[in-house]
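The first residue in the sequence is number 1, and the count goes up from there. Just so it is clear, the model here is predicted, and its values are computed rather than measured. The basis for the numbers below is simple: all heavy atoms, side chains too, and nothing from hydrogens, waters or symmetry mates.
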Amino acid sequence: MKEKHRLSQLSFRQKLILTSIACLVIPALGMLYITNVYSKLIIREHSLEKSTQSLRIVQSQIDVIFEEMVSVSNFVHFDPEIKTLLEDAKTNPVAARTLTSRLEQVAGDTIDLRITLLDKEGHAYSDYSFYDYDPRQFLKRRWFSTLEQLPPYDTLFMGAEDNYLTSLQAEQPYIFMTARALREETTAAPYAYLIVSRSEASIRERFASLEEDVYLLDEEEIILSNRNQELVGTSFDHLLPVDELVFPDIVKFKGENQLLLSLPLKFARWRLISVAPYEQLTERLNGINRTGLIIQTIFAVSFLFALTVLLRRFTKPVLVLGKAARRVEDGDLMVRSGIRGTDEIGSLGHSFDNMLDRVQLMLRQVETEQELKRQAEIAMLQAQINPHFLFNVLSSIRLKLLMKQDEENAAIVGSLSAMLRASFSSREEFVSIASELDFTKQYMELMRFTMRYPTEYAVHVDKELLLETVPRFILQPIIENAYKHGFLQGGGRVVITIGLVQSRLTITIEDNGTGMEEHTLAALLQHIRQKDAEIGALSADGTPVAESAHGIGLINVYQRLKLIYGELFEMNIESIHGGRTTVQLTMPVKRIGADNHDL
């Protein structure tokens, strides 16, 4: 209920802006959320695909190594020459030597490939020196007895065995071996045993360039190969204590999220497990995703800002019209909305202002009629013409002009009447800025009517200063100089600006008339500094000049304000011949109702 009450207190403009923002923000947040979720899924799929591709490459390389070992075993098994040499080597040393050379040829260029051939009589043949290892020691290995039980032509795979060659144990501590019982027929007893080995380093070097950490495991989850040799022979379950491994999966490992993948090998039921740092794999894609989200957020915020600005701009006439209506409701019929345009709000503002103009005109007509009646009654009692009779006559003339729709002449008469009334009716030394401006505007309206060339004026004043007080008739003498001297050769514009500068009232009167020459301005400034002297002819060399009347009004205003404010008053004059003249008055601030003499 409270939220509903708060919403009901919002203005139409605020409701429109909030609704527009909500209609944009809610879908945008939804889209950002969906984009973020799907981006994470895509990043995960991409990372999974990348890791899988890397692991498949390693899988194929290791399969090639084991296939090579199996191929060597098949070649030795089914080569008739080797079989013949094996039979002859039992009694012929030359055949034994030839068989050893033949095994070296079969090993070829593979440096770490070792071949061992044992017959039933205990004779051994190999491509390595018996000083490193006696091949007959294989007969004592625990796995050797299982060769008899292997199906024909099947191969026994063994991984992470200690290197039997003593010269290579320090450099290559572990090896992979295949063993096979050689038979002439599937039902015949073995006539020899073949053992092929390669170093574990040939497997491990395939892992060196990968970002992922790859483990080669046997069927009992024992690590057979890894880039860290210290882990060879240990249990993978101890390294990653997970109840049940699921592939692919993301698990917590070594304090980081890791992506787990597994691929089987073609032989021995061994498999490869890849442990990839998930954040590292997705860092670049996450960076791109974050950059995209940041860019989208920046665009969304920019669009929201632009939308808010535009909505405030578009709805500002509604706000202005509402404020004007409230002021009219309070009794201020002088207010106008000033809203114009070709749209509906512009038409509404124009109609609203026209309605106020008509209402105000009707009220003026009623007031004028009542005033005329009252003046007529008073005129019968008056024996002589007095200022009030003159004001009434001028008002009657203005009314008739208005009734004849001669608004221009009516305005001139109204200005003249207002000026005379201000001159005769008020005896106070200080008036409000609003009153002084009204009198000045009336004077400028009359001057515009009487001038040969067209003139105009503009007034810029902070509304909060309208109640501040200033001495009467301080603007008219200055403006009179502009009309009489600055606008003689052509029209012009007078701009009055009133504001506060460092808590002091500043009044600036600027015209774009002919301006003053340098020697005339210098003489005027010198004469102003001599404020206690009589007003004389202005001359830089002491002789009268034609522009002597140029500064009479200025000097009168200066002396008067100097007497009132003393050192708190300043006057600055700037003039460019053929360009402009600027007069600036600076004085203390006083408000109506305050003691104007307490400065």
Answer yes or no: is there a donor N or O on one side and an acceptor on the other, between the side chain of Asp511 and the main chain of Ile479, under 3.5 Å? no

Between Tyr453 and Phe487, does the ring centre distance come in under 6.0 Å? no

What distance separates Met444 CE from Tyr483 OH, expressed to the nearest 0.5 Å? 5.5 Å

With a 4.5 Å limit on heavy-atom distance, are the side chains of Arg472 and Arg560 in contact? yes

Separation of Leu348 CG from Met355 CE (nearest 0.5 Å): 9.0 Å

Report the residue from Leu585, Thr497, Val501, Ile498 that forms a side-chain contact (heavy atoms from CB on, under 4.5 Å) with Thr506. Val501

CG-CZ distance between Asp357 and Arg364, expressed to the nearest 0.5 angstrom: 8.5 Å

Give, for atom CD1 of Ile478 and atom CG of Leu554, the distance between the pair rounded to the nearest 0.5 Å. 5.5 Å

Hey, does Ile528 have a side-chain heavy atom less than 4.5 Å from the side chain of Met571? yes

Determine whether Leu260 and Val275 make a side-chain contact, defined as any pair of heavy atoms from C-beta on separated by less than 4.5 Å. yes

Heavy-atom closest pair (Pro588 atom, Tyr565 atom, distance to 0.1 Å) is CD-CD2, 3.4 Å

For the residue pair Gly338 and Asp353, what are the closest heavy atoms and their distance? N-OD2, 3.0 Å

Salt bridge or not between Glu329 and Arg326? Use side-chain N to carboxylate O under 4.0 Å. no

More than 12 non-hydrogen atoms from neighbouring residues, nucleotides or ligands closer than 6.0 Å to CZ on Arg56, yes or no? no

Looking only at atom types and distance, does a side-chain atom of Asn512 sit under 3.5 Å from a main-chain N or O of Arg493, one as donor and one as acceptor? yes

Would you mind reporting whether Lys562 and Glu567 have side-chain heavy atoms less than 4.5 Å apart? yes

Taking every heavy atom of Ala482 against every heavy atom of Val494, the minimum-distance pair comes out as CB-CG2, 4.4 Å

I want to check something: taking the side chain as every heavy atom from C-beta on, are Leu505 and Ile433 in contact at a cut-off of under 4.5 Å? yes

How long is the span from the CD atom in Gln365 to the CG atom in Leu361, to the nearest 0.5 Å? 4.5 Å

Please lay out, stage by stage, how Ile564 and Phe430 fare under the test side-chain contact (heavy atoms from CB on, under 4.5 Å). CA-CA 11 Å; Ile564 296 174; Phe430 287 83; 3.8 Å; yes

Show, in sequence, the C-alpha distance, side-chain angles and deciding distance for Glu574 and Gln584, and conclude whether the side-chain contact (heavy atoms from CB on, under 4.5 Å) test is met. CA-CA 9 Å; Glu574 294 180 1; Gln584 187 179 73; over 6 Å; no

Can Thr508 and Val495 be said to form a side-chain contact (heavy atoms from CB on, under 4.5 Å), step by step? CA-CA 8 Å; Thr508 304; Val495 179; over 6 Å; no

Kindly check if the number of other-residue, nucleotide or ligand heavy atoms within 6.0 Å of CD (Glu456) is above 12? yes

Please test Glu212 against Leu259 for side-chain contact (heavy atoms from CB on, under 4.5 Å), starting from the C-alpha separation and ending with a verdict. CA-CA 9 Å; Glu212 302 85 351; Leu259 177 62; over 6 Å; no

Pairwise distance CG(Leu561) to CG(Leu568) - rounded to 0.5 angstrom: 12.0 Å

Looking only at heavy atoms, what is the nearest atom pair of Tyr443 and Glu480, with distance? OH-CG, 3.2 Å

Check whether any side-chain N or O of Glu436 sits under 3.5 Å from a backbone N or O of Ile474 as a donor-acceptor pair, and report yes or no. yes

When you compare the side chain of Thr455 with that of Met447, does any pair of heavy atoms fall below 4.5 Å? no

Smallest separation among heavy atoms of Leu465 and Gly499, with atom names: CD1-CA, 3.6 Å

Taking Ser575 as the fixed residue, which of Thr514, Thr520, Thr581 is the one that meets the side-chain hydrogen bond (donor to acceptor under 3.5 Å, both in side chains) rule? Thr581

